[in-house]
Amino acid sequence: MSSDPDDDPRVPITCPECETTSRVPLPDVAAAIDRHNDQLHDGEDVARVDPDVAEQLADMVATDLGLLED
Ligand SMILES: [Zn+2]
């Protein structure tokens, strides 16, 4: 029983052109970025995960997968 939506880490998506940042649950990140770029930027790759967070996420995921273990 771990379906509490608050359990999902929120990821900031930033769009330099719109000067907006919004936080969405991790599972929705890809869809949210797609939707934003599709609707507002003709499908161009403008909005993205906040670069600082993307790096942390990459670390987290890598740790999860055991890629950083010796
Ligand atoms: Zn935008």
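One-based numbering along the sequence shown. For the numbers below, each heavy atom of this structure counts, side chains included, while hydrogens, waters and symmetry mates do not. In each ligand, atom 1 is the first atom listed, and ligand 1 is the first ligand listed.
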Taking all non-hydrogen atoms of both residues into account, name the closest pair between Ala47 and Ile33 and its distance.
-> O-CG2, 3.5 Å

So how far is it from Asp45 CG to Asp34 CG, rounded to the nearest 0.5 Å?
-> 9.0 Å

Taking every heavy atom of Val46 against every heavy atom of Asn37, the minimum-distance pair comes out as N-OD1, 3.3 Å

Pairs touching residues 7-55 that satisfy ring pair (Phe, Tyr, Trp, His ring centres under 6.0 Å), sequence neighbours left out | His36-His41

The Zn ion (ligand 1): protein N, O or S atoms that are less than 2.8 Å away, sorted by chain | Cys15 SG, Cys18 SG, His36 NE2, His41 NE2

Partners of Pro12 by side chain to side chain contact (heavy atoms under 4.5 Å, CB included), sequence neighbours excluded?
-> Thr21, Arg23, Asp50, Val53

Excluding sequence neighbours, so at least two apart, what forms side chain to side chain contact (heavy atoms under 4.5 Å, CB included) with Arg48?
-> Thr14

